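Numbering of residues begins at 1 and proceeds along the displayed sequence. Quick caveat, the model's predicted, so the values are computed rather than measured.
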Amino acid sequence: MKKLDTARFTDTSRSLIRYEWDDKKADMHYVEHVTFNPEDKTVKQILKQFTIEDLEKNYVEFNKHEAQGHKHMTEFLTHYDALTAIIDKRWDDIPEGYEIGAGQTMKQGDITLEAIKEVGNDQEKFFKLKLEIFELQEVKNSKNRQWKAKMRKATTTLELLALLYEVYSTLENEEGERQD
């Protein structure tokens with residue numbers, strides 16, 4: 001018998017052993033079972049590599065990992081919609097206030113520089129942003145056609161926002177303070 005990767009009892013009755021080994025030449029992984037009989041040739045070979053205590057311990061560890069895997073799968077299925085939205089970067093589909101880990105929550109109002117830059121990579125979102133900017137009173141009221149043309153031709157979110165900042169940096173409110 002080849003060197004075994006692992007072996008364990010399959011249940012508490014200790015009536016069956018599951019053992020695994022690799023055949024490197026054939027690039028194959030084998031999983032086999034044998035009835036526990038200390039007189040059996042295969043069982044004797046297994047017991048040369050694993051004690052009965054090892055087989056019991058491996059059974060317990062296997063069940064712990066199975067339970068943990070089941071818990072993770074249940075958790076995944078519970079949060080499937082939000083997780084797939086995060087994986088697919090569909091930020092608008094993430095439920096409001098959804099916790100994304102380490103005490104962080106994802107709110108639709110959360111803003112990051114990366115998220116702002118990404119808007120420029122989505123033609124539809126970038127176009128909607130431009131429309132929204134051109135609906136602002138400050139932009140509508142501006143007579144500076146050259147500036148508006150630059151905004152229309154902007155190809156990145158940061159470029160567009162920098163141009164928008166120009167209008168706010170020159171405006172003053174009633175108290176004489178800048179609007180930025």
Side-chain angles (χ1 to χ4, degrees), residues 5-6 8 18 20-31 57-180:
D5 293 332
T6 186
R8 64 174 169 81
R18 172 188 164 123
E20 299 179 33
W21 56 280
D22 289 323
D23 182 346
K24 304 248 190 263
K25 289 181 184 176
D27 195 28
M28 296 286 295
H29 182 79
Y30 294 94
V31 176
K57 183 182 89 176
N58 291 347
Y59 167 74
V60 170
E61 287 300 311
F62 174 81
N63 286 322
K64 282 182 188 177
H65 289 281
E66 284 289 298
Q68 189 68 26
H70 178 72
K71 179 181 171 190
H72 288 155
M73 182 56 77
T74 301
E75 191 73 14
F76 173 79
L77 293 174
T78 301
H79 302 287
Y80 177 81
D81 291 338
L83 291 170
T84 56
I86 292 168
I87 291 166
D88 295 341
K89 297 183 180 179
R90 292 180 284 113
W91 307 117
D92 293 336
D93 294 343
I94 298 173
E96 182 71 29
Y98 190 82
E99 190 168 312
I100 56 173
Q104 298 174 321
T105 57
M106 183 66 167
K107 297 183 184 121
Q108 290 179 350
D110 285 352
I111 298 171
T112 65
L113 180 59
E114 192 59 38
I116 291 169
K117 289 167 48 178
E118 276 300 310
V119 170
N121 295 331
D122 183 324
Q123 288 182 348
E124 185 178 331
K125 285 183 182 179
F126 192 55
F127 180 72
K128 286 179 181 179
L129 177 62
K130 281 185 179 182
L131 287 178
E132 192 175 340
I133 287 173
F134 276 95
E135 290 298 316
L136 295 171
Q137 283 306 121
E138 298 84 357
V139 177
K140 279 183 177 179
N141 295 339
S142 174
K143 305 287 186 227
N144 188 338
R145 293 180 57 161
Q146 185 179 10
W147 173 73
K148 286 183 178 181
K150 284 182 183 177
M151 287 192 41
R152 278 188 202 90
K153 293 177 185 176
T155 58
T156 68
T157 313
L158 295 180
E159 178 185 10
L160 181 64
L161 294 176
L163 289 164
L164 177 62
Y165 178 74
E166 288 179 18
V167 76
Y168 285 103
S169 66
T170 58
L171 288 177
E172 292 184 358
N173 67 15
E174 295 83 44
E175 293 86 39
E177 296 175 359
R178 286 180 26 182
Q179 291 287 315
D180 58 351

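Inter-residue side-chain proximity for Tyr59 and Arg18 is flagged as unmet; no heavy-atom pair is nearer than 4.5 Å. Between Leu158 and Lys117 the shortest side-chain heavy-atom distance falls below 4.5 Å. Side chains of Leu164 and Leu136 form a contact here, defined as non-hydrogen atoms less than 4.5 Å apart. Thr6 places none of its side-chain heavy atoms less than 4.5 Å from the side chain of Phe62.
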For His72 and Gln68, what are the C-alpha separation, side-chain angles and deciding distance, and is it a side-chain hydrogen bond (donor to acceptor under 3.5 Å, both in side chains)? CA-CA 6 Å; His72 288 155; Gln68 189 68 26; 2.9 Å; yes

What's the verdict on side-chain contact (heavy atoms from CB on, under 4.5 Å) for Glu20 and Val31, showing C-alpha distance, side-chain angles and the deciding distance? CA-CA 5 Å; Glu20 299 179 33; Val31 176; 3.7 Å; yes

Go through the steps for Lys71 and Glu75 under the test salt bridge (charged side-chain N to carboxylate O under 4.0 Å, His left out), then give the verdict. CA-CA 6 Å; Lys71 179 181 171 190; Glu75 191 73 14; over 6 Å; no

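With hydrogens and angles disregarded, a donor-acceptor distance shorter than 3.5 Å links the side chain of Glu159 to the backbone of Thr155. Checking side-chain atoms of Asp22 against main-chain N and O of Lys24 turns up no donor-acceptor pair under 3.5 Å.
Side chains of Glu118 and Asn121: a donor-acceptor N/O pair is present below 3.5 angstrom, by distance only.
Dense packing is recorded around NE2 of His29, with more than 12 heavy atoms of other residues, nucleotides or ligands lying under 6.0 Å away. Residue Asn141 places its CG atom among more than 12 non-hydrogen atoms of other residues, nucleotides or ligands, all under 6.0 Å distant.
Once rounded to the nearest 0.5 Å, the distance linking CZ of Phe127 with CD of Glu132 reads 12.5 Å. Interatomic distance, NZ of Lys140 versus NZ of Lys148, reported as 10.0 Å (0.5 Å rounding). Within the model, atoms CG of Leu160 and OH of Tyr165 stand 15.5 Å from one another, a figure rounded to the nearest 0.5 Å. One distance of note links NE2 of His65 with CG of Asn58; it measures 9.5 Å at 0.5 Å rounding. Note that the CG atom of Asn63 and the CZ atom of Arg8 stand 7.0 Å from one another [nearest 0.5 Å].
Considering all non-hydrogen atoms of both residues, Ile133 and Leu161 come closest at CD1-CD2, 4.5 Å. Of all non-hydrogen atoms in Phe126 and Val119, the two that sit nearest each other are CB-O, 3.5 Å. The shortest non-hydrogen separation linking Val139 to Trp147 is CG2-CH2, 3.8 Å.
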